[in-house]
Amino acid sequence: MALTIYNTMTRKKETFEPLHDKQVKLYVCGPTVYDSAHVGHAMSSIVFDVIRRYLEYRGYEVRHVMNYTDVDDKVILRANDLGVDPLELAEQYIGEYNLLIEKLNILPAEEYPRVSGEIDQIIKMIEGLIEKDYAYEVEGDVFFRVSKDEDYGRLSRRDLEEMRAGARLGIDERKEDPADFALWKSTKAGEPSWESPWGPGRPGWHIECSAMSLHHLGEQIDIHGGGNDLIFPHHENEIAQSESYTGKRFAKYWVHNGMMQLSGAAMSKSTGNVLNVETFLEDHDPDALRLLVLNASYRSPATFNEDVVEQAEAGLARLRGALRDAIPGSEADEEVGEELAAAAEKARQQFDKAMDDDFNTAGALGHLFDLVKEINQARSAGADQKTLEPAKATLIELTGVLGLRLDDRSQTEQAEIGPFIDLLLDVRRELRDQGQYELADSIRNRLSELGVTIEDSKGGTVWHT
RNA sequence: GGCGACGUAGCCAAGUUGGUAAGGCAAGGGUCUGCAAAACCCCGAUCACGGGUUCGAGUCCCGUCGUCGCCUCCA
């Protein structure tokens, strides 16, 4: 079986073949850090995290780079409003993002370059483009000469003529062509600026990713990712810059995630239709967000609302419930053990097959839920701990490939409070034996309030946090 | 207006070479339990609508309606 990936460039699913054997170079466009992250950003991070995890599960060595855009109109505007230094403001948000990445259980990238740290690379690239006649300088600004790039518009399937016809008012008259875009902007008052051959200024938005990708991953990469709102103009322009500069194909696969929809519209900072990740995490499990994202196709718009969040939390509880202990007093059952092992193996095969199909996480999850049912059935049938163990291990491993943490119950915490809970349960046992149910239920309720759920069964009582 | 995506049970949704619709959540019934919780068992759709191609279409083609994205900064 071969892994297939949908490539925006060809609009088709293609068999995945990295440029270099088992090594995968993955560049993902990160956020412009002028505000806190919203759940749409989280979705993007989760999507590419799962792609990375699955590639690694498949035996690839992934070199993952994600940038932070810390020099940009938005950042400057916001900083000036607040009366603070743009780079310091950006630094603050980068700190927030890094923290979120950790909370959301996203594997750290190898590098997190930022514009302010890559100015030399950017200038060098612009110089190269001017040399090759792909760019020109006007009064301290440098523009990319779109007409020189015959392939321009290939990714977004846009026609250059139509783009010119549709160009809005307010075009910079100094540009040779309305479709040309800025590589370098001469400095204005109140903006951070750097010295360059064209005078003081700062980089345009698109050139940074081209330069960083080139710097950290080389001339050609395997996968370039980002939200589908970046297809045009950002990624189109990246391709124009990078390929004009190196003369080589930039990225082999272009992968784009769909937008998170909040109340029927895309989450967007510019419209204020957003929910911050931090706010969400105040009363929700990060894995619920992950499950919510994974329950649908990464390329389609994702539905986000209270119902869906609730459903994801319930689903998460079911996944975790499969890891519950055997019913006390159960015995080993070889036959059930063999059936379970077969079910686990089948689940793995189907999981792989689904994931091989352009990371079909929703389909893969379906098969994991099948395994959950098998485990629960075996437990109900009286299988003991040891019989259940291998299937549980498979479930933990495969949900782990999706970045879900089922086994997150802190072992140390359990060991610490365990004896006390057991003591309470012993007392409750006696109360129940004596028919003093009110007191027994009171213990159960109090424990529940403290986050400890207890469940009675024939063989005894089990508890979990 | 241009380009593109989508429309599957109450909700979220999978379904790539066309052959009688995964999974989760919710609701309902039952088993277990002193009660409860969890779990287990049972229970629901002909796939927006209208045509067409085909022995056969959710899955291909055309049209209609609807939703969304991009076209300006945006994951």
Side-chain angles (χ1 to χ4, degrees), chain A residues 4 6 8 11-13 28-32 34-35 37-48 66 69 72-74 77 153 156-159 162-163 165-168 170 205 225-234 256-261 264-271 274 291-292 295-297 299-305 307-319 321-322 324 327 350 354 357-358 360-370 372-373 375-381 432 435-438 440-441 444-445 448 453-458 462 464:
Chain A
T4 58
Y6 181 86
T8 306
R11 311 281 161 117
K12 281 183 191 135
K13 284 182 192 173
V28 179
C29 284
T32 300
Y34 70 99
D35 205 344
H38 61 237
V39 291
H41 293 112
M43 170 177 173
S44 192
S45 298
I46 289 169
V47 164
F48 289 101
M66 186 187 93
T69 301
D72 173 87
D73 294 8
K74 293 273 187 182
L77 217 64
S156 56
R157 311 250 163 138
R158 265 160 226 272
D159 183 76
E162 284 176 4
M163 280 163 46
R168 306 291 171 87
W205 177 33
N228 66 13
D229 54 343
L230 296 181
I231 294 173
F232 187 88
H234 189 54
H256 294 97
N257 65 275
M259 296 293 101
M260 186 80 98
Q261 308 285 120
M267 224 171 271
S268 161
K269 288 178 189 170
S270 44
T271 59
V274 294
L291 190 61
L292 184 159
N295 185 42
S297 159
R299 284 193 279 130
S300 303
T303 305
F304 187 94
N305 56 45
D307 286 347
V308 174
V309 170
E310 215 171 279
Q311 289 168 21
E313 286 184 319
L316 188 61
R318 182 166 170 80
L319 286 173
R324 234 176 287 253
I327 296 170
Q350 293 183 310
D357 180 14
D358 190 34
N360 181 356
T361 52
L365 270 172
H367 297 121
L368 294 185
F369 276 107
D370 286 340
V372 165
K373 172 157 283 189
I375 293 171
N376 287 339
Q377 282 172 335
R379 184 192 296 100
S380 288
R432 289 174 70 207
Q436 300 197 45
Y437 294 119
E438 266 186 43
D441 289 351
R444 181 171 64 196
N445 292 338
S448 170
T453 307
I454 65 181
E455 292 166 11
D456 300 321
S457 64
K458 293 150 249 166
V462 295
H464 60 91

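Computed over heavy atoms, backbone and side chain alike; hydrogens, waters and symmetry mates excluded. First the proteins, then the strands, lettered A, B, ... as listed; each starts at 1. Bear in mind that the values here come from a model prediction, so they are computed numbers and not experimental data.
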Partner residues of A/Glu313 under the side-chain hydrogen bond (donor to acceptor under 3.5 Å, both in side chains) criterion, sequence neighbours left out: A/His284
Sugar-phosphate only, base, or nothing, as touched by A/Asp441 at under 4.0 Å among non-hydrogen atoms: base
B/rG56 versus B/rU20 - spacing of their P atoms, nearest Å: 15 Å
Same-atom distance (P) from B/rG24 to B/rU31, integer angstrom: 23 Å
A/His367 NE2 to B/rG24 P, straight-line distance once rounded to whole Å: 12 Å
Earlier contact from the 5' end, RNA chain B, for A/Gly40 and A/Ala314: A/Ala314
Note: A/Asp35-A/Lys74 ion pair, threshold 4.0 Å (strictly below): no
Distance, C1' atom - from B/rA57 to B/rC43, rounded to whole angstrom: 28 Å
Rounded distance in Å - CG (A/Asn228) to P (B/rG69): 10 Å
Touch class at under 4.0 angstrom, heavy-atom based, for A/Gly435 against every strand present: nothing
Atom pair distance, as rounded to whole Å: CZ in A/Phe369 and P in B/rC25: 6 Å
Atom pairs, protein N/O to nucleotides 37-43 of chain B N/O, distance under 3.5 Å:
| residue | atom | partner | partner atom | Å |
| --- | --- | --- | --- | --- |
| B/rA37 | N1 | A/Asp456 | O | 3.3 |
| B/rA38 | O2' | A/Arg324 | NH2 | 3.2 |
| B/rA39 | O3' | A/Asn376 | ND2 | 3.2 |
| B/rA39 | O2' | A/Ser380 | OG | 2.7 |
| B/rC40 | OP1 | A/Arg318 | NH2 | 3.4 |
| B/rC40 | OP1 | A/Asn376 | ND2 | 3.3 |
| B/rC40 | OP2 | A/Arg318 | NH1 | 3.3 |
| B/rC41 | OP1 | A/Gln377 | NE2 | 2.4 |

Distance between C1' atoms of B/rA22 and B/rA14 (Å, rounded): 6 Å
Side-chain touch A/Tyr437/A/Arg432, heavy atoms, less than 4.5 angstrom: yes
Under-3.5 Å N/O pairs linking protein and nucleotides 19-21 of chain B:
none

A/Ile327 versus A/Ser380, closest heavy-atom pair with distance: CD1-CA, 4.4 Å
Nucleotide B/rC73, atom P - distance to CZ of A/Phe232 in whole Å: 9 Å
Sugar-phosphate, base or nothing in reach of A/Leu230, heavy atoms under 4.0 Å: sugar-phosphate
Whole-Å P distance, B/rC40 and B/rG23: 13 Å
Derivation of the side chain to side chain contact (heavy atoms under 4.5 Å, CB included) call for A/Glu455 and A/Arg324: CA-CA 11 Å; A/Glu455 292 166 11; A/Arg324 234 176 287 253; 2.5 Å; yes
Pairwise distance NE2(A/His41) to OG1(A/Thr32) - rounded to 0.5 angstrom: 7.5 Å
Min side-chain heavy-atom separation A/Met66-A/Pro31 under 4.5 Å: yes
For the student: nearest non-hydrogen atoms of A/Ser44 and A/Asn257, plus distance: OG-OD1, 3.0 Å
Pairwise side-chain contact, A/Asn376 with A/Arg318, heavy-atom cut-off 4.5 Å (strictly under): yes
Pairwise C1' distance for B/rC42 and B/rC47, with rounding to whole Å: 25 Å
Base-pairing string, 5' to 3', of RNA chain B - Watson-Crick or wobble, under 3.5 Å, | interstrand: (((((((..(((..........)))..((((.......)))).....(((((.......))))))))))))....
Whole-angstrom distance between B/rU33 and B/rC25, as gauged at atom C1': 25 Å
pair A/Asp72-A/Tyr34: side-chain heavy atoms closer than 4.5 Å: no
Whole-Å distance separating the CE atom of A/Met259 from the C1' atom of B/rG69: 8 Å
Protein proximity profile, nucleotides 3-17 of chain B - base contact B, sugar-phosphate-only contact S, no contact -, cut-off 4.0 Å on heavy atoms: SS------BBSSSB-
Side-chain heavy atoms of A/Val47 within contact of A/Thr361, under 4.5 Å: no
Pi stacking test for A/Tyr437 and B/rG34: under 5.5 Å apart, planes under 30°: yes
Atom P, compared across B/rA39 and B/rA27: separation rounded to whole Å: 13 Å
Spacing between A/Leu365 atom CG and B/rG24 atom P, to the nearest angstrom: 11 Å
Close side-chain approach of A/His464 to A/Thr453, heavy-atom, < 4.5 Å: yes
Pairing of A/Asp370 and A/Lys373 as salt bridge, 4.0 angstrom limit: no
Gap separating the CE atom of A/Met259 from the CG atom of A/Asn228, nearest 0.5 angstrom: 4.0 Å
Closest listed nucleotide, where the reference is the side chain of A/Asp370 and the choices are B/rC68, B/rA22, B/rC73: B/rA22
Partners passing ring-ring contact (aromatic ring centres under 6.0 Å, His included) against A/His367 (at least two apart in sequence or in another chain): none
